[in-house]
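First the structure, in the form of structure tokens, and then the observations on it.
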Amino acid sequence: VQLQASGGGLVTPGGSLRPSCAASGSISSITGMGWYRQAPGRQRELVAGITNGGATNYADSVKGRFTISRDNTKSAVYLQMNSLKPEDTAVYYCSADTWSGWGTNEVARYWGQGTQVTVSS
């Protein structure tokens, strides 16, 4: 699975961004997709995730401000980010979890290349 993220940028506090991530390759093996972020000097953390069935989960710090959505036809995942704060500044990575099926029963996580989000006045 290959992931291509885009849509980061520079925005002032209170602004919005909507990064997107397109998957290609073994798309049928994807069981869920998500967004993580990593700020300088900090560990990578989960921002939001969404399963094939549409179930979502969010980090407490972004609940009510961020919305994850998925276009299964295009195998894409989006992250609508509203009311952005300076502490949201980070490199945002999309991820895809896969399962190989009952034959080999293997799970894996793939990562996109990251897109920079900077919130600053």
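Without hydrogens or angle criteria, T56 side chain to G49 main chain gives no donor-acceptor distance under 3.5 Å. When atom types are taken as modelled, the side chain of T118 and the backbone of L10 share no donor-acceptor pair closer than 3.5 angstrom.
Annotation for E87: atom CD counts as buried by contact number, over 12 foreign heavy atoms lying within 6.0 Å.
The minimum heavy-atom distance between C94 and A5, with the atom names listed, is SG-CB, 4.1 Å. Residues C21 and L3 approach most closely at SG-CB, 3.8 Å, considering heavy atoms. Annotation for T115 and G8: closest pair OG1-N, 3.1 Å, computed over non-hydrogen atoms. The minimum heavy-atom distance linking L46 with A59 is given by the pair O-CB, 3.4 Å. Listed here is the closest heavy atom pair of N52 and G32: OD1-N, 3.8 Å.
With salt bridges taken as basic N to acidic carboxylate O contacts below 4.0 Å, none links K85 and D88.
Separation of atoms CE (M33) and OH (Y110) is listed at 12.5 Å; rounding is to 0.5 Å. The line from CZ of R18 to CE of M81 is 11.0 Å long, rounded to the nearest 0.5 Å.
In the hydrophobic clustering of ILVMFWY residues, with side-chain heavy atoms under 4.5 Å counting as a link, I27 and I68 come out together. Residue V91 is not grouped with residue V77 when hydrophobic side chains (ILVMFWY) are merged at heavy-atom distances under 4.5 angstrom, including chains of intermediate members. Connection of L17 to Y93 is not established within any shared hydrophobic cluster, with ILVMFWY side chains joined at heavy-atom distances below 4.5 Å, either directly or through further cluster members. Both V62 and V11 are part of a single hydrophobic cluster, where members link through side-chain heavy atoms under 4.5 Å apart.
Counted by atom type alone, S16 and N82 present one or more donor-acceptor pairs between their side chains at under 3.5 Å. S61 and R37 are linked by a side-chain donor-acceptor pair at a separation below 3.5 angstrom, with hydrogens and angles left out of the test.
In the hydrophobic clustering, V107 connects to W99, W102, either directly or through intervening members, whenever side-chain heavy atoms lie under 4.5 Å apart.
Pairs passing the ring-ring contact (aromatic ring centres under 6.0 Å, His included) check and including a residue from residues 22-60, sequence neighbours excluded, read Y36-W111.
Residues Q4 and Q113 meet the side-chain proximity criterion, which asks for heavy atoms closer than 4.5 Å. By the 4.5 Å heavy-atom criterion applied to side chains, S75 and S24 are not counted as neighbours. In this structure, the side chains of T89 and Q116 come closer than 4.5 Å at one or more pairs of heavy atoms. Within the 4.5 Å cutoff, the side chain of R70 has heavy atoms near those of the I30 side chain.
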